[in-house]
Amino acid sequence: MAESTAAPRPAAIATRGLNLWYGDFQALFDVNLDVRQGIITSLIGPSGCGKSTLLRSCNRINERLGYVRTTGSIEILGQDIYAPEVELVQVRKQVGMVFQRPNPLPLSIRDNISFGHRLHARGQRVSRARREELVEDALRKVLLWDSVKDRLDDPAIELSLEEQQKLCIARLLPVKPAVLLMDEPCSALDPKGTEAVEELIWELRGEFTILIVTHNMAQARRASEETVFMLIGKVIEHGLTEDVFLNPQHRQTADYIEGRYG
Amino acid sequence: MTRDALARSRDFDRRGAAWYMDRAVTLFVFVGGISAILFIVGIFAFIAREGFGFVFTEFDAGEFFGSIAWRPTSMIERTYGALALIVGTASITGLAMVVSIPFSLAAAVFIGEFARGRTRETLKVLVELLAAIPSVVWGFIGLSIMNPLIIDTFGVPIGLNVLNAGVILGLMAAPIMTTIAEDALKAVPDGYREAAEALGATRWQVIRKVVIPAARNGLVAAVLLGVGRGFGETMVVLMASGHAINLPDSVFDSVRALTATIAAELGETAVGSEHYQALFTLGILLFAVTFAINLTADVIVRGIRRKGR
Ligand SMILES: Nc1ncnc2c1ncn2[C@@H]1O[C@H](COP(=O)(O)OP(=O)(O)O)[C@@H](O)[C@H]1O
Ligand SMILES: [Mg+2]
């Protein structure tokens, strides 16, 4: 089970008794996990153990499949996002997501960045200058501004994969989410791109609570403060990254870290 | 060279059944591809040959495009004013598009983006069945259902008019437009929808801001195909429009379409006569407009593609 760790920072994500089924297939079993606020937590485990499923439950994007059933609760900053009165739009405003494959919208670079902000600024008038400012800030933050500032109206899909993934991170920023979910955000990138995006994620630490799925042990060790290990739909171990890697409490964790599951 | 190697090298140039099959299929496909060009050129040459005699001698552009007097069989003075026919075709097609574009796009969005599972499959089959209804059956519906309905509902003396033909033509074009539009929506990668939803877009926002813009090429193609279909359709407009040479003041006036005129009159003309050639000139006009529509569609679609969207 999830182990509570040292410093009692408040949890940004807290799951209680979370079970999830795809049709008849149960993919998550009684997950109780507290992801602490303002730090980077990595989610590791062998392929098919439910990492993506857990991540995708935290912004309820799983539900678009139509055949997913969830029991238990997930609280984001103290608010149960599965409560009946909750509006999905508000959940997604709080929780941004970066996908495995960069997925810029088929719009210009500028419109990709302001897309989310436009959605959530419904009703309010936002001046052009303000919007330009938001776009520039977001792009600067992901270190993309200098290379794209002269072609903001070009389609975002013309960017390189690395730039696309940075853009996908940048477009979350104007919405000001509290939590960022990242599902193997570097797995489609080359080593140079991986390094650049990893650095960027590290830069965002503190400002956002980041839960990142990774296949890359080195990445988890380098880039996260806490690590969660999952196996067949269950959370096996959760602790400070160095503890999980150097001094795992469970056999399976040790086996996985030593590469015995592949 | 050893005997073994020699035998093996002979094996290399032995042509098996697969080789001949490959050749035959290549040739067949090539002929199929080329024939499209041959047909287009052939049809154009034929229409041009039959019609150009008139175009270069009797043809008077002012009369053809400016007069409504289509009197090809008059004893006193034969005139070939096609204006009423052009307006007739344009008004029917125009109304048909007003009916079918919103209807089909809405149907496509519902089938493609909202309906799930069984509902969706059933709807798709039904729409395809609708597309297979022969145009003469639609003509019947215009004649025997729409006609009395329009007379009763609007209290007009005749129900065979622009409204009747336009609505029927619209319904007739809708299934094909729906199917093509739905294909276009389906071709939009699901990742776009997922990305937009994850950013907080509602279902409708996803459709309006992401899916429809991304499917624009296909949607334009669907609409233009519908326009082309309406423009060239003959049987429905012959049966439901009233077939009266007339510049319509309202949708309750009867009109006559270019296609219907050709269909109704060609059988009664002597091959090569002035009237015959005049009908082929109408054919050239239809051909030219259809060609222009398709070319426009092509340019639009390419233009969008070049911008990488
Ligand atoms: N859309 C889906 N429909 C049915 N089963 C799924 C779906 N997505 C994932 N699964 C199943 O759920 C389990 C967990 O998958 P996933 O969360 O993608 O694992 P991970 O991200 O750790 O590789 C796997 O057994 C997978 O086959
Ligand atoms: Mg995964």
Side-chain angles (χ1 to χ4, degrees), chain A residues 55-56 58-67 87-109 111-122 151 153-159 164 167-168 170-177 180-183, chain B residues 105 108-124 181-222 300-309:
Chain A
L55 211 64
R56 294 164 63 87
C58 296
N59 65 348
R60 295 179 58 181
I61 196 81
N62 261 332
E63 283 168 33
R64 58 192 304 277
L65 291 172
Y67 52 89
E87 234 193 298
L88 270 186
V89 174
Q90 292 310 319
V91 173
R92 291 178 184 158
K93 187 174 176 200
Q94 287 297 318
V95 185
M97 184 162 213
V98 180
F99 295 79
Q100 196 162 351
R101 279 205 67 80
N103 56 355
L105 294 166
L107 306 169
S108 67
I109 294 171
D111 290 345
N112 260 281
I113 302 294
S114 53
F115 187 87
H117 186 258
R118 272 172 206 274
L119 294 176
H120 296 291
R122 250 175 314 169
R151 46 183 177 138
D153 291 314
D154 286 3
I157 41 174
E158 282 174 7
L159 297 172
Q164 286 185 20
L167 179 95
C168 289
R171 72 181 171 191
L172 302 173
L173 306 181
V175 181
K176 300 203 188 326
L180 298 182
L181 307 170
M182 303 190 174
D183 195 349
Chain B
L105 294 187
V109 166
F110 181 75
I111 296 175
E113 302 291 318
F114 287 99
R116 295 252 174 269
R118 279 278 272 288
T119 323
R120 180 179 185 158
E121 293 313 310
T122 314
L123 278 173
K124 284 181 74 165
E182 202 251 320
D183 284 346
L185 296 178
K186 201 167 58 193
V188 175
D190 197 46
Y192 291 164
R193 295 185 187 83
E194 192 172 65
E197 274 184 47
L199 279 164
T202 62
R203 201 91 159 268
W204 172 238
Q205 285 171 327
V206 172
I207 293 167
R208 187 165 60 85
K209 298 191 174 194
V210 178
V211 179
I212 290 180
R216 197 165 34 191
N217 291 4
L219 297 179
V220 169
I300 293 173
V301 168
R302 269 169 215 277
I304 293 166
R305 208 173 282 151
R306 205 172 320 112
K307 278 171 80 183
R309 298 193 174 181

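Side chains included, hydrogens not; waters and symmetry mates left out as well; all remaining heavy atoms used. In what follows, every chain begins at residue 1, and chains take the letters A, B, ... in the order their sequences are listed.
When all heavy atoms of B/Tyr192 and A/Pro104 are compared, the pair lying nearest together is CE2-O, 3.5 Å. Residue A/Phe99 comes nearest to B/Ala195 through the heavy atom pair CE1-CA, 4.3 Å, listed as atom of the first residue, atom of the second, then distance.
With chain B as partner, the option from A/Val89, A/Leu105, A/Val91 having the largest number of non-hydrogen pairs under 4.5 angstrom is A/Leu105. For the set A/Met97, A/His120, A/Lys93, the entry with the most heavy-atom pairs within less than 4.5 Å of chain B is A/His120.
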Which side-chain N or O atoms in residues 58-65 of chain A pair as donor and acceptor under 3.5 Å with protein atoms at least two apart or in another chain?
unit_1: A/Asn59; atom_1: OD1; unit_2: A/Ile61; atom_2: N; d: 3.2
unit_1: A/Arg60; atom_1: NE; unit_2: A/Glu63; atom_2: OE2; d: 2.6
unit_1: A/Arg60; atom_1: NH1; unit_2: A/Ile81; atom_2: O; d: 2.6
unit_1: A/Arg60; atom_1: NH2; unit_2: A/Glu63; atom_2: OE1; d: 3.2
unit_1: A/Arg60; atom_1: NH2; unit_2: A/Glu63; atom_2: OE2; d: 3.4
unit_1: A/Asn62; atom_1: ND2; unit_2: A/Thr53; atom_2: O; d: 3.1
unit_1: A/Asn62; atom_1: ND2; unit_2: A/Ser57; atom_2: OG; d: 3.4
unit_1: A/Arg64; atom_1: NE; unit_2: B/Glu197; atom_2: OE1; d: 3.4
unit_1: A/Arg64; atom_1: NE; unit_2: B/Glu197; atom_2: OE2; d: 3.3
unit_1: A/Arg64; atom_1: NH1; unit_2: B/Asp190; atom_2: OD2; d: 3.0
unit_1: A/Arg64; atom_1: NH2; unit_2: B/Asp190; atom_2: OD1; d: 3.2

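Take B/Glu194 and apply the side chain to side chain donor-acceptor pair (under 3.5 Å) test, not counting sequence neighbours, and it matches A/Arg56. When the side-chain contact (heavy atoms from CB on, under 4.5 Å) test is applied to A/His117, the partners found at least two apart in sequence or on another chain are A/Ala121, A/Val126, A/Arg131, A/Leu134, A/Pro174.
Atom OG1 in B/Thr202 sits 7.5 Å away from atom CG in A/Leu119 (nearest 0.5 Å).
Contact of A/Val98 with chain B is not made at all, since no heavy-atom distance falls under 4.5 Å. Neither the backbone nor the side chain of A/Pro177 comes within contact range of chain B; no heavy atoms are under 4.5 Å apart. Heavy-atom distances place both the backbone and the side chain of B/Arg193 under 4.5 Å from chain A.
For a heavy-atom cut-off of 4.5 Å, chain A lies close to B/Arg116 in residues 111-122 of chain B.
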